[in-house]
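Below, chains carry the letters A, B, ... as their sequence lines are ordered, and counting in each starts from 1.
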Amino acid sequence: MGDWRRTHHCGELRPSHAGQKVFLAGWVDRRRDLGHLIFLDLRDHTGIVQVVLNPELSPSAHDKGEQVRSEYVVGVEGEVVVRAEQTVNPQIPTGQVEVQARQLLLLNDAKTPPFPLDDGARPSEESRLRYRYVDLRRARMQRNLRLRHQAALLVRRHMSEHGFIEIETPFLTRSTPEGARDYLVPSRLRPGHFYALPQSPQLFKQLLMIGGFDRYFQIVRCFRDEDLRADRQPEFTQIDVEMAFPQREELFEIIERLMQKLFALVDARMELPVPRLTYAEAMERYGSDKPHTGFGLEWARLTLPAAACQALKADPSAKALRVPAAEPLSRSQLDQLQDWAQASGAGWFSYIKNEPNGFRSPLTKPLGEAPVASLARAAGLQPGEILLLIGSKGETASSLKARQLDEASGALRLRLIERLRLAPRAPWNFVWVVDFPMFEYDEKENRFVAMHHPFTSPREEDLPKLESDPAAVKARAYDLVLNGQEIGGGSIRLHRRDIQARVFRVLGLSEEMARERFGFLMDALESGAPPHGGIALGWDRIVALMAGESNIREVIAFPKTASAVDLMCDAPATVDPEQLDELGIQIKQD
RNA sequence: GGGGACGUAGUUCAGCUGGUUAGAACGCAUGCCUGUCACGCAUGAGGCCGCGGGUUCGAGUCCCGUCGUCCCCGCCA
């Protein structure tokens, strides 16, 4: 580049720069060669500006311009001039000016790009990931990653203003039971021993509280070796937050204000406080612990008359959802909903239409008109609306059946929203889901497992039930949900060793196992542990939502495929036998 | 682990009920062109139809398997 120094970015030039001598550098977006006159669209991350290579002004620049191709890296020295009125390009922000080149510097050539770089192009995910360094030049990726940076700055400032300090925690740590599969790292100095990459800095942040750093946060990478989804990568980023002497409401307020500031970056207005919903309400009304609350469409509870229970061989407690009159459902759509409902675990499905000439329903035949009408009236069915009904089979109720019914109602509701292409009433629907159950019964393992994690505090009033009725114990745990996506979760932690030990016992963790795996935590809890609690926010998901992207790959510079492969550097890969030997590792052949 | 969609030129795609030499657009190359901006015009190059097997006189097309990408279920405290 010699002594050249960039004076401006491409996208910033305006008529006010007219007459200025500038030096620009960037990539050739397009070349238009009119013979004795060449136009280059020069691009950097700020935008595009037209460069004119006129042989009368600079024969050498024009000569070099003939060699230039797309994605060549060039420097341009020249003068900003206002374009003649009929040559203005209103489609680009710099369209009123252009740069008359005096010198053109060829800084590097480039192979023909593997796919078009304009925003309209839709290259396959595979080639985008294989040539990620090219893909990153596209305006979309530039926009998303710069937004992510601005958002991260804001997080650091906000948390710092509230007294939180950022502290780094180890990546080489130890495997913990429960939860996701760990990524393991073999130890060279202790052959046969392994570090685990953290699924989250959970224990470290608790130890920081015990260590007297009463407010901590970290923008931190976490690792989970589980199957991927549009919103899940094997390594992902959390905003990890923990505070000592916590009041849940105080934490909520800090996080809500953070969200408000973040979404203001994309011009979204957010009303505070964010509504709260208990887990029980969420499951009852939306059939989900991460409800998309922007559509209404809430389930209500109906009690079937005895005759109906008999006719349907059904449990008397049914769930009903009113589909608005504006959304007609065809017979085949209703049939499809029935298939979905039953596939999702509902024992039976039916519906009642409120038509001008009366209620119409498949239930009329077995039940008669009067019971159908009274069900419809009980649900408050309005003219033109359709009432969807689901319930469990069998006359005895059970918690398992109740749960299946809730899950079916949630799945059905989402299908309905998708199928009817319903638009949410508001663009951003935040909700806190609180009072999660402490434990879930794992049918496969035949034991209770922690729904959040084993370090969560049960509600004080539920402590007496801890051993006698674990399923009834509520945790001091909460999730933050946005538009049906879980974007954060946390809890008030256990800070007393005796209760932590009781929780481990309920989870089937013997005293010895607990001591072996969490001895350091148990000891720490006995060394003056303050009450503490916190939250972890799914940073990739939040940035993706802000950017209007439906896949977190779009806000990650170098993401992996759905099979956890990095197509660019071809990881994972085999290693030299010597490396394995040093680690004392032998690969099993089969 | 299971289900679904896709895989044809550098890219995005078309290719019917199995039947001549597999097409289009964009991109690329060469030439012409002094006001273009999705420049234009002319000419041209470019294909292991993902891979392997099978059916058939004949397979891009049908069948089986396999690999890859995406989405979903399970899984993800």
*Asks:* A:V565 side chain: which of B:rU12, B:rA38, B:rU69 is closest?
*Replies:*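 The answer is B:rU69, which lies nearest to the side chain.
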*Asks:* Is there a donor and acceptor pair, one atom on the side chain of A:R30 and one on the base of B:rG27, closer than 3.5 Å?
*Replies:* no
*Asks:* Output yes if the stacking criterion (under 5.5 Å between centres, under 30° between planes) is met for A:F39 over the base of B:rU36, else no.
*Replies:* yes
*Asks:* From CG of A:D227 over to P of B:rG1, roughly how many Å is that when rounded to an integer?
*Replies:*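 Checked: the CG to P distance equals 8 Å.
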*Asks:* To the nearest angstrom, how far is A:R31 atom CZ from B:rC28 atom C1'?
*Replies:*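 Interatomic distance, CZ of A:R31 to C1' of B:rC28: 12 Å.
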*Asks:* What is the nucleic acid contact for A:T561, judged by heavy atoms within less than 4.0 Å: base, sugar-phosphate only, or nothing?
*Replies:* sugar-phosphate
*Asks:* What nucleic acid atoms does A:E407 come within less than 4.0 Å of, heavy atoms only: base, sugar-phosphate, or nothing?
*Replies:* nothing
*Asks:* Return yes if the base of B:rC37 and the side-chain atoms of A:R83 contain a donor-acceptor N/O pair under 3.5 Å, otherwise no.
*Replies:*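 Under the 3.5 Å cut-off, the side chain and the base do form a donor-acceptor pair.
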*Asks:* For B:rA38 and A:Q91 - does any side-chain N or O of the residue sit under 4.0 Å from the phosphate oxygens OP1/OP2?
*Replies:* yes
*Asks:* Base, sugar-phosphate, or nothing: which does A:D118 touch, judged by heavy atoms less than 4.0 Å apart?
*Replies:*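 Since no nucleic acid heavy atom lies under 4.0 Å of A:D118, the category is nothing.
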*Asks:* Students often get this wrong, so: under 4.0 angstrom with heavy atoms, is A:R232 touching a base, only sugar-phosphate, or nothing?
*Replies:* base
*Asks:* Closer than 4.0 Å, any side-chain N/O of A:R69 to the OP1 or OP2 of B:rA29?
*Replies:* yes
*Asks:* If you compare every side-chain N and O of A:S124 against the phosphate oxygens of B:rC70 (OP1, OP2), does one of them come in below 4.0 Å?
*Replies:* no
*Asks:* Heavy atoms only, 4.0 Å cut-off, all strands: where does A:T456 land among base, sugar-phosphate and nothing?
*Replies:*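 No contact.
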*Asks:* State whether the distance check finds a donor on one side and an acceptor on the other, under 3.5 Å, for side chain A:E226 versus base B:rG74.
*Replies:*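 Checked by distance alone, the answer is no.
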